[in-house]
Novice: 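Just dropping this structure here.
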Amino acid sequence: MSQESKTPLSDNKALSGTVSAIAVIDLARELLQRDVLTQAQLEEALDVSSLAYCQQLQQGEDISEVLTQRLPEQQLIQLWLLADKTGDKNLGWNIGSQVVIPAQGILAHWIRHCQTLEQAFLTFVKHVHLLNASEGWQVERSSSYIELSFHYPAEKAYPHIAVQRSLASIKSWGEYLSGDDLQVSALFLTVNTNDVDAELIERIFQCPVYYNQLINKIQLALSEIQKPLVQANALIAELVSQQALSCDTSIEKTLAQQIWDLFERDIQSYSQINLTAEKLNMSRATLYRRLKAQQTSFSDLLEKYRYQLWEGLVAAKGEEGSDNVRMSELLGFNDPSSFYKARKRWLKTQAG
């Protein structure tokens, strides 16, 4: 393909490590509804609130309150890995071929009000970090075609069925947005024919399919992407875009700050992980797992908070003038001996 213009991959780093909550919740619903995973497996992979939203979505209830929420990317990867173990090599194609109207995140609401398919695709690629920053989409445009190539970073360990789902979604979403059949000119896949159901793929895309390619890619004629969208509305698109770009999308900051706020409210009580987890409406295991995915832990946060508070108290009263028993209580230790051990560590830290 002779390249004339190229839209680069989204380079947003701020959302690295998190994905749209809708992406996780909808995939969980799909896997449960298709009997790919059991309820017990979902309970192992997700937190309590995500499971509740999954059930609400399955029952057709409104879950719009999670529109801008984020979840750890590892939860999404874990679901895909569990699904991949079932051996259904067509799972991703089948999931991606359907559009679930209630399961639309903030980015989906944005692109559906664009003017044309091309504008929708370009908006999606530029802001895909709102969905999942690991989705490596790139657009190349020539005088005749537009090509959308896709990959996941190898280190993220997404199975091929996740790639299938993303590729199939381009066709299904293109048809949903335009209200018309989307004629794909060609499909390029990195896998070989022995690893896929070639007949199913050709039935879905209805175009020539090329295997053993260097990159996964969908080719569309320019006439196809110029189609107007059924729900095109420039005013709504602008309003949704403002909401999308201004929303707080950092779960790492939110979870850590919630825990920190609890420490400041009552360090004696919330220095106990069970009480903290209960206050945050999640199990101790879920709290541990989510903090681990963010490369921290409850004990690390507690240690940092206590150290900073101790430094402030010492600065105010002086080391010699501090009542160690009272200091132990203020820092939320159960007994003075635990405080003495922590104080010894902190003094070493200050000494360098």
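As a basis for the values below, the full set of heavy atoms in this structure was taken, side chains included, without hydrogen atoms, waters or symmetry mates. Keep in mind it's a predicted model, so treat the numbers as computed, not measured.
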Novice: Would you indicate whether Q55, at its atom CD, is surrounded by more than 12 heavy atoms from other residues, nucleotides or ligands within a distance under 6.0 Å?
Specialist: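 Counting other residues, nucleotides and ligands, CD of Q55 stays at 12 neighbours or fewer.
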Novice: Could you tell me whether the side chain of Q213 and the main chain of Y211 form a donor-acceptor pair under 3.5 Å?
Specialist: yes
Novice: Is there a side-chain contact between L189 and L167 (heavy atoms, below 4.5 Å)?
Specialist: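 SC-SC contact between L189 and L167 confirmed.
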Novice: Check side-chain contact (heavy atoms from CB on, under 4.5 Å) between R284 and all other residues, then give those that pass, not counting sequence neighbours.
Specialist: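 So R284 forms a side-chain contact (heavy atoms from CB on, under 4.5 Å) with I273, N274.
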Novice: Please check this pair: side chain of Q41 against backbone of T38, looking for a donor-acceptor N/O pair closer than 3.5 Å.
Specialist: yes
Novice: Determine, step by step, whether S297 and D300 satisfy the side-chain hydrogen bond (donor to acceptor under 3.5 Å, both in side chains) criterion, reporting the C-alpha distance in whole Å, the side-chain angles of both residues, the deciding distance to 0.1 Å, and the verdict.
Specialist: CA-CA 5 Å; S297 67; D300 285 345; 3.2 Å; yes
Novice: Find out whether Q243 and W110 are in side-chain contact, i.e. whether some heavy atom of one side chain is under 4.5 Å from a heavy atom of the other.
Specialist: no
Novice: Any side-chain heavy atom of E264 within less than 4.5 Å of one from L309?
Specialist: no
Novice: Run the ring-ring contact (aromatic ring centres under 6.0 Å, His included) test against F263 and tell me which residues pass, sequence neighbours left out.
Specialist: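 F298, Y305.
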Novice: Looking at residues at least two apart in the chain, or sitting in another chain, which of them share a side-chain hydrogen bond (donor to acceptor under 3.5 Å, both in side chains) with D47?
Specialist: S49, S50, R290
Novice: Taking the side chain from S269 and the backbone from D266, do they hold a donor-acceptor pair closer than 3.5 Å?
Specialist: no
Novice: Give the cluster check for Y340 versus L313: same hydrophobic cluster or not, with ILVMFWY residues linked at side-chain heavy-atom distances below 4.5 Å.
Specialist: yes
Novice: Do the side chains of L280 and L262 get nearer than 4.5 Å, heavy atoms only?
Specialist: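 SC-SC contact between L262 and L280 confirmed.
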Novice: Return the set of residues passing ring-ring contact (aromatic ring centres under 6.0 Å, His included) with W173 (not counting sequence neighbours), or none when no residue passes.
Specialist: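 So W173 forms a ring-ring contact (aromatic ring centres under 6.0 Å, His included) with Y176.
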Novice: So does H109 get a backbone contact from the side chain of Q104, meaning a donor-acceptor N/O pair under 3.5 Å?
Specialist: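 No: the side chain of Q104 does not pair with the backbone of H109.
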Novice: Heavy atoms only: give me the nearest Q183-D181 pair and the separation to one decimal.
Specialist: NE2-CB, 3.6 Å
Novice: Could you pull out the closest heavy-atom pair between S185 and A221, with the gap in Å?
Specialist: OG-N, 3.4 Å
Novice: Verify salt bridge (Lys or Arg N to Asp or Glu O under 4.0 Å) between R141 and E118, making sure each step is shown before the conclusion.
Specialist: CA-CA 10 Å; R141 194 181 195 277; E118 181 175 21; 2.6 Å; yes
Novice: Under the side-chain hydrogen bond (donor to acceptor under 3.5 Å, both in side chains) rule, collect the residues that match up with T86, sequence neighbours excluded.
Specialist: none
Novice: Looking at L331 and R306, what are the two nearest heavy atoms and their distance?
Specialist: O-NE, 2.8 Å
Novice: With sequence neighbours left out, write down each residue that passes side-chain contact (heavy atoms from CB on, under 4.5 Å) with Y288, or none if nothing qualifies.
Specialist: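 Scan of Y288 (side-chain contact (heavy atoms from CB on, under 4.5 Å), adjacent residues dropped) gives K292.
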Novice: Look at the side chain of T286 and the backbone N and O of M282, then say whether any donor-acceptor pair between them is shorter than 3.5 Å.
Specialist: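 Between the backbone of M282 and the side chain of T286 there is no qualifying donor-acceptor contact (under 3.5 Å).
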Novice: Who are the side-chain hydrogen bond (donor to acceptor under 3.5 Å, both in side chains) partners of D180, not counting sequence neighbours?
Specialist: K227
Novice: Please confirm whether the backbone N or O of C54 pairs with a side-chain atom of R29, one donor and one acceptor, at under 3.5 Å?
Specialist: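 Pair absent, no side-chain N/O of R29 close to backbone of C54.
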Novice: Output yes when a side-chain donor or acceptor of Q119 lies under 3.5 Å from a complementary backbone atom of Q115, and no otherwise.
Specialist: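 At least one qualifying donor-acceptor pair exists.
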Novice: Is there a chain of hydrophobic side chains (I, L, V, M, F, W, Y, each step under 4.5 Å between heavy atoms) that links L220 to V99?
Specialist: yes
Novice: Anything under 3.5 Å between a donor and an acceptor, one on a side chain of residues 200-210, the other on a protein residue two or more places apart or in another chain? List them.
Specialist:
none

Novice: Examine distances only and state if a side-chain atom of Q164 and a backbone atom of W93 form a donor-acceptor pair shorter than 3.5 Å.
Specialist: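 It does hold such a pair.
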Novice: Just jot down the side-chain contact (heavy atoms from CB on, under 4.5 Å) partners of S338, sequence neighbours excluded, or say none.
Specialist: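 Once residues adjacent in sequence are excluded, the partners of S338 under the side-chain contact (heavy atoms from CB on, under 4.5 Å) criterion are F333, D335.
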Novice: Specify the closest pair of heavy atoms between A45 and L82, including all atoms of both residues, with the distance to one decimal.
Specialist: CB-CD1, 4.3 Å
Novice: What residues, two or more places apart in sequence or in another chain, satisfy side-chain contact (heavy atoms from CB on, under 4.5 Å) together with Q56?
Specialist: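 Partners of Q56 by the side-chain contact (heavy atoms from CB on, under 4.5 Å) criterion, ordered by chain and then number, come out as Y53, E61, I63, E65.
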Novice: Give a yes or no on whether a salt bridge exists between E303 and R345, defined as a side-chain N under 4.0 angstrom from a carboxylate O.
Specialist: yes
Novice: Who pairs with N281 by side-chain hydrogen bond (donor to acceptor under 3.5 Å, both in side chains), at least two apart in sequence or on another chain?
Specialist: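 Partners of N281 by the side-chain hydrogen bond (donor to acceptor under 3.5 Å, both in side chains) criterion come out as none, since no residue qualifies.
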Novice: Residues in ring-ring contact (aromatic ring centres under 6.0 Å, His included) with F121, at least two apart?
Specialist: none
Novice: At their closest point, which heavy atom of L46 faces which heavy atom of A28, and how far apart are they?
Specialist: CD1-CB, 3.7 Å
Novice: Tell me whether T190 contacts the main-chain N or O of N212 through its side chain, where contact means a donor paired with an acceptor under 3.5 Å.
Specialist: no
Novice: Hey, what do you get for CG (L235) to CG (N233), rounding to the nearest 0.5 Å?
Specialist: 6.0 Å
Novice: Give the intermediate values and the outcome of side-chain hydrogen bond (donor to acceptor under 3.5 Å, both in side chains) for residues E73 and S134.
Specialist: CA-CA 9 Å; E73 182 184 8; S134 291; 2.6 Å; yes
Novice: For the ring pair Y158 and W80, is the centre-to-centre distance below 6.0 Å?
Specialist: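 No - the distance between ring centres of Y158 and W80 does not fall below the 6.0 Å cut-off.
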Novice: Please tell me if the side chains of I95 and L31 come closer than 4.5 Å, counting only heavy atoms from C-beta onward.
Specialist: yes
Novice: Inspect the surroundings of CD in Q226 and state if more than 12 heavy atoms from other residues, nucleotides or ligands are less than 6.0 Å away.
Specialist: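 Counting other residues, nucleotides and ligands, CD of Q226 exceeds 12 neighbours.
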Novice: Which heavy atom of H113 sits nearest to which heavy atom of A237, and what is that distance?
Specialist: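 Smallest heavy-atom distance, with atoms named: O-CB, 3.6 Å.
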Novice: Quick one: do L51 and I25 end up in the same hydrophobic cluster if we chain Ile, Leu, Val, Met, Phe, Trp and Tyr together by side-chain heavy atoms under 4.5 Å apart?
Specialist: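 No; tracing contacts between hydrophobic side chains, which count when under 4.5 Å, never links both residues.
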Novice: Can you find a pair of side-chain heavy atoms, one from Q219 and one from L187, that are under 4.5 Å apart?
Specialist: no
Novice: Mind checking whether Q138 and H151 have side chains closer than 4.5 Å, heavy atoms only?
Specialist: no
